[in-house]
Amino acid sequence: MLEASHRYFHQAADVLDLSPKVREVLLTPNRVIKVDIVEEADDGQLMHYTGFRVQHNSARGPCKGGLRYHPTMDEDHASALANLMTWKTAIVDVPFGGAKGGIDCDPSQMSRFELERVTRRFVDQCKEVIGPTIDIPAPDVNTNADVMAWIMDEYSRYAGFSPGVVTGKPLHLFGSEGRDEATGRGVMYALEEALRDCGKDLAGTTVALQGFGNVGSHAARMIAERGGKIVAVADHMGGVANEAGLDVPSLVDYAAEHRTVAGFSGGDAIEGASIITWPADVLIPAALEDAIDAKNAGEVQAKIIVEAANAPTTPEADAILKQKDVLIVPDILANAGGVTVSYFEWAQNIQQFRWELDRVNAELEKRMRRAYQSVREIAEAKNTDLRTAAFVLAIQRVGRAALSRRAVRETIDFG
Ligand code: GLU
């Protein structure tokens, strides 16, 4: 996975004509943390996990990024995703660097109390290297506001009252209005911008969606509210399709109860894997990495892909889709709404001042549309796809910030 994220970086570094040394410096993480987590399960047996935190780059501010609880979590995953966070925070121009981490546990097999113990142990092991001005975790796959609240509580025992150590907290515990739906809302804005580039709008646009967790379900709801038609949704258990458009609010209720969209009666059952090649104007992968690969990319029917997940398209698939003239809004742009509102939450925590929802949403919309337009301008000027342009913009911002922090004799030009 790390190798794939580096390949996208190098495509942009080629456009900027960066030297091998500068590339190496920009790709190397500042700090890699690996901790042992031993706790007791509810039945008295030992639980043994490994926790990871990779702080990739802090040239533009404290490191920022989610915590993922998943059996596949390892150093390679954390590094690749931390790397993406550095570019993502630069694209939406929030004053953070990039980080990512997590624990190789499976929360679906754990009780709430086991999860809390494991989370507290992780914080205990990392407390010297996280903090409101050092590294600020947030939710990611299988983590939520509860987990963030435990992190804040555990860290505050050590450092004193510190709501700004973590974002994505519950609203009643120093969270922000609009954070929960922010990534999905940003995906919707990114899609609107992409449609505008194609001379279209959301009304009547058909969408196939992979993943119906926090990001996918909020994106689906907002797209449908604006006239888009969600014609198929799938997750790891199966999927459902309806040519006339699925009733998204009912699907949200169903998924909340059954923890899957499979079995929903408002459409026909479909195989989960078929979602990638489903006939629709737009495909939104909102699940895990590598969903679109060399095997299925050739069969993709959508003309626009909005990457709500992190790293859902392999570089091989990306090349195939480019040949098919599919417009891809890359992850580091499309799903940046979450970290954008994390920034607003952190700013509110630092200032001890609460924003209203209208302000959060208006600022988010402004930043997402501006980011999209900046990326598109670079794509036009450099004659590249949106992903390469997004990396170019990010590398320029990170590189210039890093260069300004110290006097360097070598001439390094970020274009
Ligand atoms: N986990 C989210 C992401 O991948 C949010 C990170 C954050 O808010 O810090 O962008």
Side-chain angles (χ1 to χ4, degrees), residues 1 5 52-58 60-70 73 77-103 130-145 147-148 151-152 163-170 174-187 189-190 211 213-216 218-219 285-289 306-312 329-349 360 363-364 367-368 371 390 394:
M1 193 188 170
S5 71
F52 301 90
R53 188 72 181 166
V54 174
Q55 297 170 346
H56 174 250
N57 188 296
S58 58
R60 301 183 68 260
C63 292
K64 185 86 192 79
L67 276 186
R68 176 177 293 206
Y69 288 1
H70 198 275
M73 187 28 94
H77 265 74
S79 295
L81 295 165
N83 191 300
L84 291 178
M85 285 307 302
T86 295
W87 316 124
K88 194 187 297 186
T89 50
I91 288 166
V92 279
D93 204 11
V94 295
F96 291 133
K100 196 73 142 213
I103 302 174
I130 61 170
T133 59
I134 305 169
D135 179 5
I136 305 134
D140 197 82
V141 174
N142 291 336
T143 56
N144 55 20
V147 175
M148 301 306 120
I151 293 174
M152 183 202 119
V165 65
V166 69
T167 58
K169 299 179 292 295
F174 309 101
S176 175
E177 294 280 359
R179 174 62 186 87
D180 193 44
E181 61 175 49
T183 312
R185 180 174 287 277
V187 166
Y189 293 138
N214 172 281
V215 179
H218 281 301
L288 290 174
E289 53 275 358
V306 182
E307 294 184 340
N310 285 314
V329 187
D331 47 7
I332 51 176
L333 168 61
N335 71 31
V339 76
T340 301
V341 177
S342 274
Y343 163 52
F344 302 156
E345 180 175 331
W346 177 81
Q348 291 171 72
N349 293 156
V360 170
E363 294 268 352
L364 171 63
R367 277 183 193 258
M368 285 301 299

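One-based numbering, in listed order, for ligands and for the atoms of each. Values reported hereafter were calculated over all heavy atoms of this structure, with side chains retained and with hydrogens, waters and symmetry mates removed.
Using a distance-only test at 3.5 Å, with no hydrogens or angles considered, no donor-acceptor pair links the side chain of N335 to the main chain of G338.
Here the shortest heavy-atom pairing between D180 and H218 reads OD2-NE2, 3.4 Å. In this structure, S176 and V341 approach most closely via the heavy-atom pair OG-CG1, 4.2 Å. What you find for A190 and M368 is that their closest heavy atoms are CB-CE, 4.5 Å.
Ligand 1 has no atom lying under 4.0 Å from any heavy atom of R68. The closest approach between P139 and ligand 1 falls below 4.0 Å for a heavy atom of the residue. Residue-ligand proximity: R179 is placed with a non-hydrogen atom under 4.0 Å from ligand 1.
Side-chain contact check for R60 versus D93: some heavy-atom pair is nearer than 4.5 Å.
If you look at L84 next to ligand 1, there are no close heavy atoms at all, none under 4.0 Å.
Close approach to G66 involves these atoms of ligand 1, each under 4.0 Å from a residue heavy atom: 1 (N), 6 (C). Set against the non-hydrogen atoms of M85, the atoms of ligand 1 under 4.0 Å away are 3 (C), 4 (O), 6 (C), 10 (O).
Test N310, D331, T340, N83 against K88 for side chain to side chain donor-acceptor pair (under 3.5 Å) and you get one pass: N310.
The protein heavy-atom contact nearest to atom 9 (O) of ligand 1 is K64 NZ, 2.8 Å. In terms of protein heavy-atom proximity, atom 8 (O) of ligand 1 is closest to S342 OG, 2.6 Å. Atom 10 (O) of ligand 1 has as its closest protein heavy atom K88 NZ, 2.7 Å. At the top of the distance list for atom 4 (O) of ligand 1, counting protein heavy atoms only, stands K100 NZ, 2.8 Å. The nearest protein atom to atom 7 (C) of ligand 1, hydrogens excluded, is given as A138 CB, 3.3 Å; this is a heavy-atom distance.
Salt bridge annotation for D135-K64: absent, with no cationic side-chain nitrogen under 4.0 angstrom from a carboxylate oxygen. A salt bridge is defined here as a Lys NZ or Arg NE, NH1 or NH2 lying under 4.0 Å from an Asp or Glu carboxylate O, and E289 with R68 meets this definition.
Close N/O approach between N335 and ligand 1 is not found [any backbone or side-chain N/O within under 3.5 Å].
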